[in-house]
Amino acid sequence: MMILKSPWEIDLMRKSSRIVAETLERLTGLIEPGLTTLELDRYAEDYILRRGGKPAFKGYRGYPYTLCASVNEQVVHAFPSARRLEDGDIVSLDLGVVVDGYYGDAAVTVPVGQVSEEARRLMAATREALSRAILAVRSGNHLSDISHAVQSAIEAQGFSVVRLFVGHGIGRSLHEEPQIPNFGPPAQGPVLKPGLVLAIEPMANAGGPDVMILDDRWTAVTCDRSLSAHFEHTVAITENGVQVLTSLTEDESPEDTGR
Ligand code: MF3
Ligand code: CO
């Protein structure tokens with residue numbers, strides 16, 4: 001069952017989501033060759049606690065860290081480690097925060113130093129897929145319009161959509177119904193309406209779509225070891241329009257467009 005949120009619940013999710021956004025912005029500013037992903041994890045945890053939130057992933061189904069830091073062929077859910085970021089890497093940072101029992105969740109993929117043309121194109125296509133998906137979020141549209149928007153944008157750029165993971169409803173749990181596949185035909189599934197809050201998270205690979213989970217039981221990598229990118233926002237449908245709760249900038253948020 002999809003759980004609709006009241007305006008005051010969405011206000012609480014705005015708080016947790018804002019901490020997610022601010023933390024990711026700061027982490028992005030720190031990224032440079034030589035930094036370890038464990039250093040990023042420590043920074044994230046300290047910052048979230050100082051801002052009055054709690055890391056949402058730490059302890060979730062036994063996940064041991066605040067941050068997921070997935071480098072190059074790692075798709076999602078990689079553990080922060082003593083690995084040093086190198087010039088030319090791309091790193092996906094995925095972060096969740098909870099405030100007063102309400103969750104926010106977002107991810108970005110960031111270049112380390114100078115990256116290849118292919119890496120730049122992959123990141124741009126995945127970011128664009130998330131933007132298109134957010135434009136498909138409007139009262140009266142169907143859930144799979146979001147899925148279709150993601151798939152179309154990624155495949156139009158010659159990349160492949162990861163099918164093993166999905167976006168999700170979010171609220172008093174990190175993962176709620178509905179699941180949001182990143183592929184599919186338009187106009188299927190439940191109708192979107194005010195009160196729905198969704199974490200939309202396209203993942204795209206430079207090579208084939210297949211991924212596998214490593215022996216640590218968390219890290220997902222591309223089977224062909226091609227590069228992978230991931231972007232995510234927490235998006236609320238309110239009576240006054242659609243708002244991207246994990247965005248710090250107005251232009252990423254189609255609020256006030258009357259949708
Ligand atoms: N954004 C991811 C998701 O929604 C991150 C989950 S990591 C976990 O699945 F550790 F919390 F599982
Ligand atoms: Co998520």
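Just so you know, ligand 1 is whichever comes first in the structure, and atom 1 is the first atom listed for that ligand. Keep in mind that the numbers below use all heavy atoms, side chains included, and drop hydrogens, waters and symmetry copies. Quick caveat: nothing in here was measured; it's all calculated off a predicted structure.
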Handout entry: Pairing of Glu118 and Arg121 as salt bridge, 4.0 angstrom limit
Key = no

Practice task
Say whether Trp218, considering both its backbone and side-chain N or O atoms, lies within less than 3.5 Å of an N or O atom on ligand 1.
Solution key: no

Practice task
Drop me the distance from Met212's CE to Asp224's CG, to the nearest 0.5 angstrom.
Solution key: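 Output value for this atom pair is 11.5 Å.
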
Problem - Point-to-point distance, once rounded to the nearest 0.5 Å, from OH of Tyr102 to NZ of Lys15 - result: 12.0 Å

Exercise for the section: For Tyr63, take its heavy atoms, then give the atoms of ligand 1 lying under 4.0 Å from any of them. Expected result: 10 (F)

Problem - For Asp94, atoms of ligand 1 separated by under 4.0 Å from a heavy atom - result: 1 (N), 2 (C), 5 (C)

Is any side-chain heavy atom of [Y] closer than 4.5 Å to one of [X]?
X	Y	value
Thr126	Leu122	yes
Glu25	Thr28	no
Val20	Thr234	no
Asp105	Asp94	yes
Met123	Pro111	yes

For ligand 1, is any non-hydrogen atom under 4.0 Å from [X]'s backbone (N, CA, C, O), its side chain (CB onward), both, or neither?
X	answer
Arg61	neither
Phe57	both
Asp105	side chain
Cys68	side chain
Phe165	neither

Handout entry: Residue-ligand contact Leu174/ligand 1, heavy atom below 4.0 Å
Key =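 Yes; Leu174 lies near enough to ligand 1 that a heavy-atom distance drops under 4.0 Å.
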
Handout entry: Contact with ligand 1 for Glu201, non-hydrogen, under 4.0 angstrom
Key = yes

Fill in the blank from the handout: Which of Leu27, Ile48, Leu248, Thr246 passes side chain to side chain contact (heavy atoms under 4.5 Å, CB included) with Glu22? It is Leu248

Problem - Heavy-atom pair of closest approach, residues Ile180 and Ala199 - result: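 Closest approach of Ile180 to Ala199: CD1-O, 3.9 Å.
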
Exercise for the section: Could you please tell me which protein N, O or S atoms lie under 2.8 Å from the Co ion (ligand 2)? Expected result: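 Atoms qualifying: Asp105 OD2, His168 NE2, Glu201 OE2, Glu232 OE2.
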
